[in-house]
Amino acid sequence: MSETIAHWIDGKPQDGQSDRTGPVFNPATGVEKARVAYASVEEVDRAVAAASAAFPEWRDASLTKRTKIMFQFRNLLDAATDELAELIASEHGKTQPDARGEVQRGLETVEFACGIAQLLKGDQSQQVSTGVDLMSVREPLGVVGCITPFNFPAMVPLWMVPIAIACGNAAILKPSEKDPSLSIRLAELFAKAGLPNGIFSVIQGDRVAVERLVEHPDVAALSFVGSTPVARAIYEGGTRTGKRVQALGGAKNHMLVLPDADMELAADAAVSAGYGSAGERCMAISVVVAVGTAADPLVAAIQARIPAVKVGDGTMPGTEMGPLITREHRDRVASYVEGARDEGATVVVDGRDQKFDGDGFYLAPSLIDHVKPGMRAYDDEIFGPVLGVTRVDSYDDAIKLISDSEWGNGTAIFTRDGGAARRFQVEAQAGMVGINVPIPVPVAYYSFGGWGNSLFGQSHAYGPEGIDFYTKAKVITSRWPDPATSKVDLGFPENE
Ligand code: NAD
């Protein structure tokens, strides 16, 4: 019998307690490597109860104590990087260097959270009125739910959990059921770092667990990252039940290439950002917008690079692109290549032509030219190794295309013209903009978020906005009057 990946509640794994389970595959072999527990409403309630009980003491823990634990967690995480990367590769399918990269980016958020004493400093004004002082502080919210997608099993939880905890909250993570093991390693490392029981819990499962977190009256806030329809539902459900919600959704990121760009550099970037992690990144480039005469040389340069991309088992040295997450997802992605021809696009490279031994969920890179709005290959988030090229006549046409997209996560321009780049920086309708940078994911001390259907809620993830999201403001006005001068005054207090 295969292992069942359990929940982690009140500082302990909850082995063998769930009735429902689901499969966890190794996408490189197609073999079921484990089962994962699917939480019931009662199990979620147990995690929330443990978190609620642990919260007051953690809220009152000194900043020194929280900082020490976060530093300790940072060191343990850093030391475990290779082991975690291996685990990610075995359940997600991405290559080990790519997995190490995601752990490193997550580690940077932990390092940001190590500065919590500085980040939580409030403001103070003396003598705002005669004898009156004012102080503003930020206090934790309570129990926060963190619901994360399959594509970054380490980095996305680490965008949320360290900041929520450093701010004094109790966090409950509901990771993707497709690659759940890493969440338990995070829980073990937090426990080893000295985090009190109940301050970090993991609830495995599907929508039953998520919907309970959304409804639960003792959950104060929800951070979600995943697809747009679920993000919208979480935002609507969470706000309806009075929660603070940040829900990051899907994406379709455009890379605009002007004719003056270095085509070799642009092609390198398009191939790296289009096919890296098999296109299963929310900041992947999925549409190259080629302006005017850029199109022919750019398509040729991308096409020339594709045969050299080494597709295979992500745990094997030298592999550049691994399999997709599930068989169903691989087949869905392949259906866009199948359909593109019928819709009038040109399939320049058909990834289905490359055959693989075994039952892994592989699909080699595809390149589709002449993709246009109105075609499924343009309109949908494919989330796989399928790069579309849309040809336009002018920069203005390109910027309109980007503005008209329902998503607005990231976008990039490739050019050697500083004036055009500056215009793009101002005019691009997206939350994260790259100039000759195809995947402009902000560093940990800035915040990450898109526009349009890529983010529901006001707050971007991690960085300073993460601190604001996981805390509420309190303003304290104080005076120490001489009782001898006291009198009844029913007027609205005026400052003097
Ligand atoms: P998903 O929306 O299917 O799942 C995300 C989480 O929601 C998982 O924990 C899953 O168990 C849960 N879930 C799934 N269906 C649900 C439902 N009907 N009700 C309640 N919960 C549900 O996303 P995914 O396939 O795991 O991840 C890929 C998606 O995430 C892509 O759309 C990608 O663009 C997006 N993503 C966005 C960002 C970003 O920062 N904007 C980052 C990473 C991934």
Side-chain angles (χ1 to χ4, degrees), residues 20 22 24 27 36-39 41 44 91-94 102 105-106 109 145-160 172-180 182-183 202-215 222-238 245-253 277-286 324-326 328-330 332-333 380-384 405-411 430-432 439-442 447-457 459-463 465-466:
R20 293 188 311 133
V24 178
V36 61
Y38 280 6
V41 166
V44 177
E91 287 184 6
H92 174 284
K94 65 176 71 174
E102 97 159 81
R105 292 305 288 257
T109 323
C146 304
I147 302 148
T148 55
F150 79 83
N151 67 324
F152 285 107
M155 183 181 79
V156 171
L158 291 171
W159 281 358
M160 306 169 178
I172 299 179
L173 173 64
K174 206 306 279 172
S176 169
E177 64 276 39
K178 298 186 180 113
D179 45 12
L182 198 105
S183 61
V202 180
I203 280 295
Q204 310 286 2
D206 57 359
R207 61 186 298 173
V208 172
V210 174
E211 284 168 1
R212 182 57 187 154
L213 283 173
V214 171
E215 290 297 324
L222 294 169
S223 293
F224 173 86
V225 174
S227 59
T228 290
V230 185
R232 186 185 279 115
I234 304 271
Y235 181 74
E236 290 173 356
V245 185
Q246 53 176 190
L248 283 72
K252 184 101 185 181
N253 305 308
S277 200
E280 293 173 325
R281 291 181 185 140
C282 68
M283 289 291 277
I285 290 297
S286 40
L324 282 89
I325 186 70
T326 59
E328 296 70 31
H329 185 57
R330 189 263 320 270
R332 184 181 157 273
V333 171
D380 295 359
E381 181 185 31
I382 300 175
F383 217 57
S405 167
E406 69 168 280
W407 294 288
N409 217 33
T411 186
M432 293 167 284
I439 304 189
V441 174
S447 299
F448 178 111
W451 292 1
N453 285 342
S454 294
L455 173 71
F456 301 90
S459 183
H460 287 199
Y462 67 77
E465 294 200 32

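On a predicted model such as this, the values are computed, not experimentally measured, just so you know. Note that ligands are numbered from 1 as they come in the structure, with each ligand's atoms numbered from 1 the same way. The analysis underlying the following values was restricted to heavy atoms, covering all of them including side chains, and did not include hydrogens, waters or symmetry mates.
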- [ ] I would like to know whether Ser286 and Glu381 meet side-chain hydrogen bond (donor to acceptor under 3.5 Å, both in side chains); could you show each step before the answer?
- [x] CA-CA 8 Å; Ser286 40; Glu381 181 185 31; over 6 Å; no

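- When all heavy atoms are compared, the tightest approach of Ala154 to Glu102 is N-OE2, 2.8 Å.
- Using a 4.5 Å heavy-atom threshold, the side chains of Leu182 and His92 count as separate.
- Contact annotation: the side chain of Pro180 approaches that of Glu91 to within less than 4.5 Å [non-hydrogen atoms, C-beta and beyond].
- Considering only heavy atoms from C-beta on, Leu248 comes within 4.5 Å of Trp159 through its side chain.
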For ligand 1, which of its N or O atoms have a protein N or O partner closer than 3.5 Å, and how long is each gap?
residue	atom	partner	partner atom	Å
ligand 1	2 (O)	Ser227	N	2.9
ligand 1	2 (O)	Ser227	OG	2.6
ligand 1	9 (O)	Thr148	O	2.8
ligand 1	9 (O)	Lys174	NZ	3.0
ligand 1	11 (O)	Lys174	NZ	2.8
ligand 1	11 (O)	Glu177	OE1	2.7
ligand 1	26 (O)	Phe150	N	3.0
ligand 1	30 (O)	Gly226	O	3.3
ligand 1	32 (O)	Glu381	OE1	2.7
ligand 1	32 (O)	Glu381	OE2	3.4
ligand 1	34 (O)	Glu381	OE2	2.6
ligand 1	41 (N)	Gly249	O	2.8

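- No donor-acceptor contact under 3.5 angstrom links the side chains of Asn151 and Glu280, judged on distance only.
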